Novice: 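Mind looking over this structure? Questions follow.
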Amino acid sequence: MYPYHSQITHGCCQVSEEGFHHSLSGDQFQGFPSSLSVVCSQRRHIIRMSVGFIGAGQLAHALVKGFTAAGVIATHRITASSPDSELPTVSGLRKMGVNLTISNKETVNKSDVLFLAVKPHIIPFVLDEIGPDIEDRHLIVSCAAGVTISSIEKKLLQYRPFPKVMRCMTNTPVVVREGATVYATGTYAQVEDSQLLEQLMSSVGFCTEVEEDLIDAVTGLSGSGPAYAFTALDALADGGVKMGLPRRLAVRLGAQALLGAAKMLLDSEQHPGQLKDNVCSPGGATIHALHVMESGGFRSLLINAVEASCIRTRELQYLADQERISPAAIKKTTLDQVLQQPGVTVSGGANGNSRSGLSLFNNRGGPSIKKKN
Amino acid sequence: CHCYALSGKASDMDSQLKIGFIGAGNMAFGIAKGILAGNVLPVNVRVSAPSSRNLGRFQELGIAVTHSNVEVVSGSDVVFVAVKPHLVSPVLNEISLHVTDRHIIVSVAAGVTLTTLEELLPENSVVIRLMPNLPCMVQEGALLFSRGTHAKQEDGALLHSLLHRCGLVEEGPEAWIDIHTGLSGSGVAFVYLFAEALADGAVKMGMPSALAHSIASQTVLGAGRLLRESEKHPAQLRSEVCTPGGTTIYGLHTLEQGGVRAATMSAVESATVRARELGQKSAAASRK
């Protein structure tokens, strides 16, 4: 429960960071890891590898923005690909100096570390497309919620004997270098791969390794967490406005209050219950407000929310594992664009019911995939 | 009226403190037991009550019993007024002439304010208002006292040392006494409610009632002791019991969904507000 220093020794130089880098499994984890905003040592370690993003949407944009601000990698070493060049995030990436392409294969060829930053249901298409181009040096990092390491490895094993796969769950505040990231290591990934990913993700916030079976819970908590906070902040601001504050000021103060409270908790060894007590003077305003919150079931609402997000993640994973997904679940435009990519095809699951799913994993029911030469 | 033989009437004017009780109910008994667990000798304690009904258990402790309130006052340095609130006024009227400024009068009556007590007693009387709770009977009470106008710090310290074997003894401003009533006076009943519900839950799941109740009471007791001895925040202890994905966190979630926290806060609030109301009512009544 107390912070300790960890040394990451990399091939080129040494980095010393403060933070928590545990290997966590469910029954070992106790207490509240505290992460300070990443304090890079004076000798900032620059990653000399190339990083690629399959997908140039919110996640890619946020990560690149964070990496750039941290100075952990030069943008000319970053490539991103997307079928839709009209996305606002695409131009944002271009402005940051990232190499943009519509070809996933180009991204693969130019990269050592490959982030899969597409929606979960697109992952299988992408893997089929890039599978033949993966080489020994490649580290595949999937950021897709609910997509298991084993499903990715199963796909890639068709093309390579030892695909290096890792799975990470991060969140949008990586964009301001206050992300919360966990990762799990695949069968063939090495220690250096873990260290590399951890180094990258630690530059944009808190990062730690976990057992894969915890990732759904992490999704529910810190993956969705920023959305809970935004909702809370919106409502807090409404409260301020109701009581007479101008909107902008209300938003600013609300956000600062939550930011400050979070920082206090992370820096403190005290239980949040104790910190709450410290704020509540007897018979004062705060304890009255807290009573109102308790009466509204505030705590149980938050527990329910984390649970719902986690359960939904598992549902989506289950659906994906089932390897059937209704076309309605896929945005039609995205699917069309993906289908325009060379080397990708779809075998219809003609099973006679109204819900004929698309088979995502094309190795079923015959060789319908066109492998590149 | 009957006069019971008094064992050890205080003809000796020694320096040992003499304690008197007007009223022989549960509260008086609990406090007496706590006092005797300290340095006070039974021979220096006396109790009065109109009937003999409750006096037996005091006699068993070696305490002198009587039906005369005046006798208790005359023979004591510290007098606990442990009668029902509506009897405080007539009792104080009765003994007032015998109260000197060497006495310390400690009222245990719920809702009777220091102002009321001081109005009923001679000027310059040393008055302390004490709110105990039921577990005083087993020396695990929570007691809060508040000093009147002429009660000095030494008087408070004396009371504190007399009572410390009754449980937790704290001093505070009079305003806190109603809160203490809601929290710890009534709080005992809230805990009993919770214990009963715990047992009912176990019975629902298939455990025989007697066993369930016995375990429920031990659970409450054990948790309470651990809380007191660990000096940790209850939230901290709660977190320590919750293994990830385990039984406790599931149960706690259900409790949260039931709004137990808010209900508990509201319960303390209701009891406190009622204590204040009763205090105002009895103050108004005694002014008539």
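By convention in this document, chain letters (A, B, ...) are assigned in the order of the sequence lines, proteins followed by strands, and residues within each chain are numbered from 1. Note that the structure is predicted; figures quoted are calculated from it, not measured.
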Novice: Any residues in residues 141-162 of chain B near chain A, with a heavy-atom distance under 4.5 Å, and which are they?
Specialist: none

Novice: Using heavy-atom distances under 4.5 Å, tell me whether A:Asp277 contacts chain B through its side chain, its backbone, both, or neither.
Specialist: side chain

Novice: Could you look at B:Ser266 and say if it's the side chain, the backbone, both or neither that has a heavy atom under 4.5 Å from chain A?
Specialist: both

Novice: So which part of A:Ile287 gets closer than 4.5 Å to some heavy atom of chain B, the side chain, the backbone, both or neither?
Specialist: both

Novice: Do B:Thr264 and A:Glu294 touch side chain to side chain, with heavy atoms closer than 4.5 Å?
Specialist: no

Novice: Check whether the side chains of A:His271 and B:Ser239 place a donor and an acceptor atom closer than 3.5 Å, and report yes or no.
Specialist: yes

Novice: Select all residues of residues 306-316 of chain A having any heavy atom within less than 4.5 Å of some heavy atom of chain B, and report them by number, or 'none'.
Specialist: A:Glu307

Novice: Any non-hydrogen side-chain atom of A:Ile303 less than 4.5 Å from a side-chain atom of B:Gln257?
Specialist: no

Novice: Rounded at 0.5 Å granularity, tell me how far CZ in A:Arg299 sits from CG in B:Leu255.
Specialist: 12.0 Å

Novice: Considering only residues two or more places apart or on different chains, which pairs with a residue in residues 258-270 of chain B satisfy salt bridge (charged side-chain N to carboxylate O under 4.0 Å, His left out)?
Specialist: B:Glu256-B:Arg261

Novice: Do you know the tightest heavy-atom contact between B:Ala235 and A:Gly273?
Specialist: CB-CA, 4.1 Å

Novice: Looking only at heavy atoms, which of residues 216-240 of chain A get nearer than 4.5 Å to chain B?
Specialist: none

Novice: Could you tell me which of B:Lys232, B:Arg238, B:His233 has the largest number of non-hydrogen atom pairs under 4.5 Å with chain A?
Specialist: B:His233

